[in-house]
Amino acid sequence: MARLVIVSNRVALPGERTQRAGGLAVALADALVPGSLWFGWSGQRAEATARTANILSANGITYATIDLGEADYRRYYAGFANGALWPLLHFRLGLMRFRAEEYEGYRSVNRAFAAALAPLLGPDDLIWVHDYQLLSLPAELRAQGVNNRIGFFLHIPFTPPVITEVLPRAAELLAGLAAADVVGFQTVRDRDAFAACAEALLEARRLDTDTLALGEHRLRAVAVPIGIDATGFTQEAARAARRVEARRLTESLQGRALVIGVDRLDDSKGLPQRFAAFARLLERHPVHRRKVSLLQVAARSREDVERYQALRRELDRLAGDTNGQYAEFDWAPLRYITRPLSRRTLAGFFRLARVGLVTPLRDGMNLVAKEYVAAQNPADPGVLVLSRFAGAACELSEALLVNPFDTDEQTEAIHAALEMDIEERRARHHALRERVFTNTAALWCQRFLAALAARPAVRIECRARPV
Ligand code: ADQ
């Protein structure tokens, strides 16, 4: 069997779990079998970007990492990836900041990844590249003479041509990605947006639903939604709900209903809008005063990106306003935590929560929505309020779907969730649970790797357009 080589911005080294890389490690658990190689950034910043990888083996898996030079890191990660691409691909043109030198830094880190990875590859390895930090990597690997099959999965949304073309050098960037054999997206909507961009910006021809022709090159673009380890998460939640953290939370609630939100502190997650909707709930529906608490866990992320510091200040203010206006000496309506909590603790909290709020302005998938569903007790489940603009909404249509920009709609959905009778809660949860248990992380891996392996055995020799 071919060896699988995973490439991502961050590698979750054994014993070290960053939030993002840790999430990927969980999703890839079924694919990362002994014999696999995981390549990426070590998380260390050095004076200059390393040319060769550090190799470490554990449990039969090889981890190969490179350190990034401080200047490269800034231009690539805080600069182009999170200053330009992230807002663009989340439809936030107003937040996008394009700087040519950051784009060049991004390209040069992608080139450095390719140069350090190429010598580690065998001829039959299947390469699976992850996410928006590495859009140019397929072309950079081809430039290193790598003819292996290359798959790429984008975890975040993709934008239609009218938005994508606003990014300077968009065609060049897309051509880099199009040098892969298979590109995977979270939803049909993202896959179609990509195909439309390839047609508009690269003069690709769409041969059928998931095949594009770029000259002689055939590129498959597939929609493969990511999932979770539903069985594992359900068991974890049931156990965690009996642990000390969950017991302390229950005690502190004193019989009040818990509404929960769990996100990275990120401007795609719709947190100011969520806080506003919750404040309006208390204003419009006084019946919930003293009866409900919102626990928002918003783990700090990307703190070296300026926007994130401003968001944090805004949330501090909004939380203070709501508590200042409605809190009583023995009740705080909004509990807001910016420290990360462990997966286990969160699983238990999800199970206790009568309502789960997952209201991003735009999200590739949003695994919190699926985790919340998996964590519920089927006999007495909570209600998921979900943004229509999360990829998860394509599958989880029995949630209460909202437009997060519409404060009133979000407020009324939280109200309806809190008032919903047990029969309706069970019926909705039954349908959602079915979906979460069908489209699991394991199935996601299988489906993507099947698409990658299904490419014709002899890849048509080609180079993407010069980049
Ligand atoms: P993220 O934007 O990081 O990922 P998401 O899918 O919501 O988002 O969460 C990933 C994991 O992080 C989940 O397991 C979740 O429980 C955990 N997590 C989130 N907030 C946390 C917190 N405050 N404390 C501790 N853990 C927390 C990107 C895309 C998503 C896509 C994923 C996977 O933006 O749309 O679902 O990749 O493809």
Side-chain angles (χ1 to χ4, degrees), residues 244-303 307-342 345-346 348-361 368 372 382-387 400 402-420:
V244 61
E245 294 86 354
R247 282 211 305 272
R248 277 175 53 202
L249 177 59
T250 306
E251 261 166 44
S252 76
L253 287 166
Q254 297 189 313
R256 297 183 180 108
L258 175 67
V259 177
I260 197 164
V262 172
D263 308 78
R264 269 187 312 102
L265 210 163
D266 187 285
D267 45 30
S268 67
K269 302 294 182 185
L271 296 172
Q273 290 81 355
R274 190 180 304 168
F275 281 13
F278 185 69
R280 193 161 300 174
L281 176 84
L282 300 175
E283 177 200 324
R284 271 215 196 154
H285 299 285
V287 60
H288 298 302
R289 292 187 198 162
R290 297 188 56 82
K291 297 285 192 310
V292 174
S293 280
L294 167 60
L295 171 62
Q296 176 63 55
V297 184
R300 296 193 290 261
S301 68
R302 304 177 192 162
E303 291 185 275
R307 278 192 341 266
Y308 288 74
Q309 297 161 13
L311 174 65
R312 208 175 145 200
R313 285 194 297 274
E314 184 185 3
L315 292 173
D316 286 350
R317 186 181 58 75
L318 288 170
D321 285 354
T322 300
N323 280 335
Q325 184 161 2
Y326 295 103
E328 297 188 22
F329 65 85
D330 58 351
W331 170 63
L334 208 167
R335 305 173 183 191
Y336 167 50
I337 305 179
T338 59
R339 281 186 312 278
L341 297 181
S342 75
T345 302
L346 285 175
F349 288 4
F350 284 150
R351 195 171 175 95
L352 299 181
R354 175 42 42 98
V355 180
L357 292 184
V358 180
T359 55
L361 306 181
V368 173
Y372 178 76
V383 181
L384 176 65
V385 175
L386 177 63
S387 163
L400 296 183
V402 297
N403 175 348
F405 293 94
D406 185 339
T407 310
D408 289 338
E409 188 182 49
Q410 198 178 153
T411 299
E412 292 313 312
I414 303 171
H415 177 59
L418 286 164
E419 303 275 295
M420 193 178 286

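Reckoned from all heavy atoms, side chains included, excluding hydrogens, waters and symmetry mates.
Residues forming a salt bridge (charged side-chain N to carboxylate O under 4.0 Å, His left out) with D267 (at least two apart in sequence, or on another chain): R307. The ring-ring contact (aromatic ring centres under 6.0 Å, His included) test applied to H415 returns H285, H288, not counting sequence neighbours. Applying the salt bridge (charged side-chain N to carboxylate O under 4.0 Å, His left out) test to R247 and every residue at least two apart in sequence or in another chain returns nothing. Remark: R274 pairs with D263 by the salt bridge (charged side-chain N to carboxylate O under 4.0 Å, His left out) rule, at least two apart or across chains. For R313, the side-chain contact (heavy atoms from CB on, under 4.5 Å) criterion is met by Q309, A310, not counting sequence neighbours. Residues passing the salt bridge (charged side-chain N to carboxylate O under 4.0 Å, His left out) test with R289: none are found, sequence neighbours excluded. Every side-chain contact (heavy atoms from CB on, under 4.5 Å) that A417 has, sequence neighbours left out, goes to V355, V383, V385, L400. Every residue meeting the side-chain hydrogen bond (donor to acceptor under 3.5 Å, both in side chains) condition with T345, not counting sequence neighbours, appears here in chain and number order: S342.
Across S293 and A332, no two heavy atoms sit closer than the pair OG-O, 3.3 Å. Taking both residues in full, the closest heavy atoms of L271 and L265 are given as CD1-CA, 4.3 Å, listed atom of the first, atom of the second, then distance. Here the closest non-hydrogen pair linking P272 and L311 is CG-CD1, 3.9 Å. Closest of all the heavy-atom pairs between T338 and R300 is OG1-NH1, 2.9 Å. For A277 against T411, the heavy-atom pair with the smallest separation is O-OG1, 3.1 Å. Between P286 and E283, the shortest heavy-atom distance links the atoms CD-O, 4.1 Å.
Within the structure, salt bridge (charged side-chain N to carboxylate O under 4.0 Å, His left out) contacts touching residues 349-361 (residues at least two apart or in different chains) are R354-D380. Among pairs with a residue in residues 263-282, those fulfilling ring pair (Phe, Tyr, Trp, His ring centres under 6.0 Å) read F275-Y336, at least two apart in sequence or across chains. Pairs of residues two or more places apart, or lying in two chains, never qualify as ring pair (Phe, Tyr, Trp, His ring centres under 6.0 Å) while including a residue from residues 307-331. For residues 317-334, the pairs satisfying salt bridge (charged side-chain N to carboxylate O under 4.0 Å, His left out) are R290-E328, R290-D330, R317-D321, with sequence neighbours left out.
Taking the side chain as every heavy atom from C-beta outward, V262 and Y372 never approach each other to under 4.5 Å. In this structure, Q410 and R280 have side chains that are not in contact, with every pair of non-hydrogen atoms separated by 4.5 Å or more. Side-chain contact check for I414 versus V402: every heavy-atom pair is 4.5 Å or farther apart. Counting heavy atoms from C-beta outward, L357 and Q296 have side chains that stay 4.5 Å or more apart.
Interatomic distance, T250 OG1 to L352 CG, rounded to the nearest 0.5 Å: 4.5 Å. From T407, atom OG1 reaches atom CZ of R284 across 9.5 Å, with rounding to the nearest 0.5 Å. Residue L249 holds its CG atom at 7.5 Å from CD1 of I260, rounded to the nearest 0.5 Å.
At distances below 3.5 Å, not a single donor-acceptor pair connects side-chain atoms of T322 with backbone N or O atoms of A319. T359 contributes no side-chain N or O that, together with a main-chain N or O of S387, makes up a donor-acceptor pair within less than 3.5 Å. Under the 3.5 Å distance criterion, the side-chain polar atoms of Q273 are left unmatched by any main-chain donor or acceptor of P404.
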Legend entry - Pair V259-L418, side-chain contact (heavy atoms from CB on, under 4.5 Å): steps then yes or no: CA-CA 9 Å; V259 177; L418 286 164; 4.2 Å; yes
